[in-house]
Amino acid sequence: MDVERTVAKRLMYATGIKTVLEVPRDAPDEFISVELTGGSGLGFGAQAFVAVYSWAPTRRRAAEMAGLVELAVPMLLDEENIFDAFPDGTYRLPDPATGGARYRTNVNLTIFE
């Protein structure tokens, strides 16, 4: 299972916001990016930690988008191999290269394949 791709697909469907795996060179005004940051095996399954970044022209809009991400995370349970999904904190994290508005939402998943 490609965790990043699965999460990105579900979040884009649930939020209606362009969701990518790589930050585009010519990035749109607002988008969401998904990045696998870690995980561990659990016998027959695995735990995955995913960072979801909400990028927007303003801090307020980035925070709104992060709220939409948090609301959409439980919908990941509709995926056949995901048995637990919950947001585990959201915080402001401006883009260090540009200072642009960005929030990060940590997502914890339990996956059995």
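Position 1 is the first residue of the sequence, and the numbers go up from there. Keep in mind that the numbers below use all heavy atoms, side chains included, and drop hydrogens, waters and symmetry copies. The structure displayed is predicted, hence computed values, not measured ones.
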Give me the other members of the hydrophobic cluster that Met75 sits in, counting Ile, Leu, Val, Met, Phe, Trp and Tyr linked by side-chain heavy atoms under 4.5 Å, directly or via other members.
none
Any side-chain heavy-atom pair from Pro28 and Lys18 closer than 4.5 angstrom?
yes
Rounded distance (nearest 0.5 Å) linking atom OG1 of Thr110 with atom CG of Asn81
12.5 Å
Quick one: do Ile17 and Met65 satisfy side-chain contact (heavy atoms from CB on, under 4.5 Å)? Show the steps, please.
CA-CA 8 Å; Ile17 301 167; Met65 290 167 56; 3.7 Å; yes
Nearest heavy-atom approach of Asp29 to Pro57 is O-CD, 3.3 Å
Starting at CD1 of Ile82, measure out to CG of Leu76 and round the result to the nearest 0.5 Å.
5.0 Å
Minimal heavy-atom distance between Ala14 and Ala72, with the atoms involved, is CB-CB, 3.5 Å
What residue pairs, at least two apart or across chains, pass salt bridge (charged side-chain N to carboxylate O under 4.0 Å, His left out) with a residue in residues 53-80?
Lys9-Glu79, Arg10-Asp78, Arg10-Glu79, Glu30-Arg61, Arg60-Glu64, Arg61-Glu64
Can you tell me if Asp84 has over 12 outside heavy atoms packed within less than 6.0 Å of its CG?
yes
Mind checking whether Leu11 and Met1 sit in one hydrophobic cluster, side chains of I, L, V, M, F, W, Y counted as touching below 4.5 Å?
yes
Heavy atoms of Phe83 and Leu77 approach each other most closely as C-CD2, 3.6 Å
Can you check whether Asp88 reaches Val107 side chain to side chain, under 4.5 Å on heavy atoms?
no
Answer yes or no: is there a donor N or O on one side and an acceptor on the other, between the side chain of Arg102 and the main chain of Leu93, under 3.5 Å?
yes
More than 12 foreign heavy atoms under 6.0 Å from OH of Tyr13: is that the case here?
no
Side chains of Val20 and Ile32, heavy atoms from C-beta outward: is any pair under 4.5 Å?
no
Flag yes if Val73 and Tyr103 sit in one hydrophobic cluster, no otherwise; membership is Ile, Leu, Val, Met, Phe, Trp, Tyr, and two members link when side-chain heavy atoms are under 4.5 Å apart.
no
Heavy atoms, side chains only, cut-off 4.5 Å: are Val52 and Arg104 in contact?
no
Work out which heavy atom in Gly99 is nearest to a heavy atom in Pro94; give both atom names and the distance.
O-CB, 4.2 Å
Find out if a path of hydrophobic residues (ILVMFWY) with successive side-chain heavy-atom gaps under 4.5 Å connects Val23 to Tyr53.
yes
ring-ring contact (aromatic ring centres under 6.0 Å, His included) against Phe49, all qualifying residues, sequence neighbours excluded:
none
Got Pro24 and Phe31 here, is their nearest side-chain heavy-atom distance under 4.5 Å?
yes
Measuring only between side-chain heavy atoms, which start at C-beta, is Asp95 closer than 4.5 Å to Trp55?
yes
Worked verdict on Ser33 versus Leu21 for side-chain contact (heavy atoms from CB on, under 4.5 Å):
CA-CA 6 Å; Ser33 63; Leu21 302 181; over 6 Å; no
With a 4.5 Å cut-off on side-chain heavy atoms, are Thr37 and Asn106 touching?
no
Donor-acceptor check, side chain of Glu4 to backbone of Leu36, threshold 3.5 angstrom: yes or no?
yes
